[in-house]
There are 2 protein chains.
Amino acid sequence: MSDGDDLVALLAALASPHRLRILAALAAGRTYVSELARRLGMNRPLLYMHLQRLEAAGLVTGELVTAPDGSSVKYVEAVPFALALDLDAITRAAQTLTDKER
Amino acid sequence: MSDGDDLVALLAALASPHRLRILAALAAGRTYVSELARRLGMNRPLLYMHLQRLEAAGLVTGELVTAPDGSSVKYVEAVPFALALDLDAITRAAQTLTDKER
DNA sequence: TGGGGCTGTCATGGTTTCCTGACAGGGGGC
DNA sequence: GCCCCCTGTCAGGAAACCATGACAGCCCCA
């Protein structure tokens with residue numbers, strides 16, 4: 001349901017310099033969170049939030065890997081996608097927008 | 001300069017139910033502001049703000065038409081566009097992001 | 001002179017987003 | 001014991017965004 005709402009969510013997830021950088025970094029291969037934070041030079045809690053947004057939008061997947069020694073590392077990786085947008089697509093999407101939930 | 005920043009601005013402009021509805025309405029043809037506000041059932045100042053965002057992103061153009069009798073009406077119309085986005089495109093765009101303006 | 005239509009802008013709240021420092025917990029190696 | 005690395009969550013404040021009502025200005029028609 002609500003294809004249009006999904007589009008809005010996807011666009012909102014992409015409309016952020018930080019998140020674009022995150023996706024670009026992940027396009028090169030998967031890493032774990034702390035390493036990614038270091039590479040991008042951003043606060044880890046901040047990165048966390050953005051990763052959650054990206055994951056909620058289905059653009060990223062996370063996997064918590066626990067080594068045999070018990071220490072755990074969370075690997076995160078980008079989900080391939082393709083988006084094509086023009087006025088027609090928007091017109092179609094707008095018809096499936098939820099009026100006003102809640 | 002800063003192709004990536006433009007992309008972010010474009011995405012941000014599109015990531016809104018209201019603005020998608022506005023674009024959908026304009027895709028059917030140009031109208032003037034008050035009429036559009038009536039058709040979409042939204043506050044005129046609110047519509048104004050959203051139109052400004054869309055115009056700033058280059059998705060819409062406005063033209064203030066002054067009739068021979070002196071009364072003026074602002075016609076607004078959607079600018080055709082096409083956007084194709086995937087991980088590669090994002091990787092490229094991310095490289096042209098402004099670090100931290102201001 | 002009043003009423004209606006249109007365009008713009010403003011002051012004002014109310015949310016939401018964004019970002020940071022701090023903390024708790026787990027595990028390792030000196 | 002101390003130090004370092006990892007994960008996850010929280011409180012709190014700054015900043016941006018949304019949305020509304022009200023106003024001033026201009027025009028027409030009756």
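So that the names make sense, note that chain A is the first sequence line, chain B the second, and so on, each numbered from 1.
Side-chain N or O atoms of T96(A) include one that pairs as donor or acceptor with a backbone N or O of G4(A) at under 3.5 Å. Proximity of a side-chain donor or acceptor of N43(A) to a complementary backbone N or O of L46(A) within less than 3.5 Å is not detected. Not one N or O on the side chain of R21(B) forms a donor-acceptor pair closer than 3.5 Å with the backbone of S16(B). Side chain of R19(B) to backbone of L14(B): no donor-acceptor contact under 3.5 angstrom is found. Distance alone, capped at 3.5 Å, places no donor-acceptor pair between the R30(B) side chain and the Y75(B) backbone.
Looking at the side chain of Y32(B), the nearest of the listed nucleotides dA19(D), dG21(C), dC6(C) is dC6(C). Checked against dG21(C), dT9(C), dT7(C), the side chain of V73(B) finds its nearest nucleotide in dT7(C).
The shortest side-chain heavy-atom distance between V79(A) and L54(A) does not fall under the 4.5 Å cut-off. When side chains are defined from C-beta on, F81(A) counts as touching L87(B), because their heavy atoms get closer than 4.5 Å. No side-chain heavy atom of P45(B) sits less than 4.5 Å from a side-chain heavy atom of M49(B).
For the pair R19(A) and S72(A), nearest-nucleotide mapping onto DNA chain C gives the more 5' position to R19(A).
Distance CE (M42(B)) to C1' (dT20(D)): 14 Å, rounded to an integer number of Å. In this structure, NE2 of H18(A) is placed 13 Å from C1' of dT17(C), rounded to the nearest angstrom. In this structure, CZ of R44(A) is placed 6 Å from C1' of dT7(D), rounded to the nearest angstrom. Atom CG of L11(A) and atom P of dT17(C) are 15 Å apart (whole Å). Here dC18(D) presents its P atom at 16 Å from CG of L40(B), a figure rounded to the nearest Å. D69(B) places its CG atom 13 Å from the P atom of dT7(C), with the value rounded to the nearest Å. Atom CZ of R21(A) is separated from atom P of dC19(C) by 10 Å (rounded to the nearest Å). Computed from coordinates, the L64(A) CG to dC5(D) C1' distance equals 15 Å when rounded to whole Å.
For dC6(D), one of the phosphate oxygens OP1 or OP2 lies less than 4.0 angstrom from a side-chain nitrogen or oxygen of R38(A). Residue S16(A) places none of its side-chain N or O atoms closer than 4.0 Å to OP1 or OP2 of dC18(C). A close approach under 4.0 Å does not occur between any side-chain nitrogen or oxygen of N43(B) and OP1 or OP2 of dA19(D).
Helix bend of the helix from dT1(C)-dA30(D) to dC30(C)-dG1(D): the angle between its two end axes, each built from five pairs, comes to 10° after rounding to 10°.
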Derivation of the side chain to side chain contact (heavy atoms under 4.5 Å, CB included) call for T91(B) and L23(A)
CA-CA 7 Å; T91(B) 303; L23(A) 285 178; over 6 Å; no
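For the contact set between residues 46-53 of chain A and DNA chain C, defined by any heavy atom under 4.0 Å, the members are L46(A), M49(A), H50(A), R53(A).
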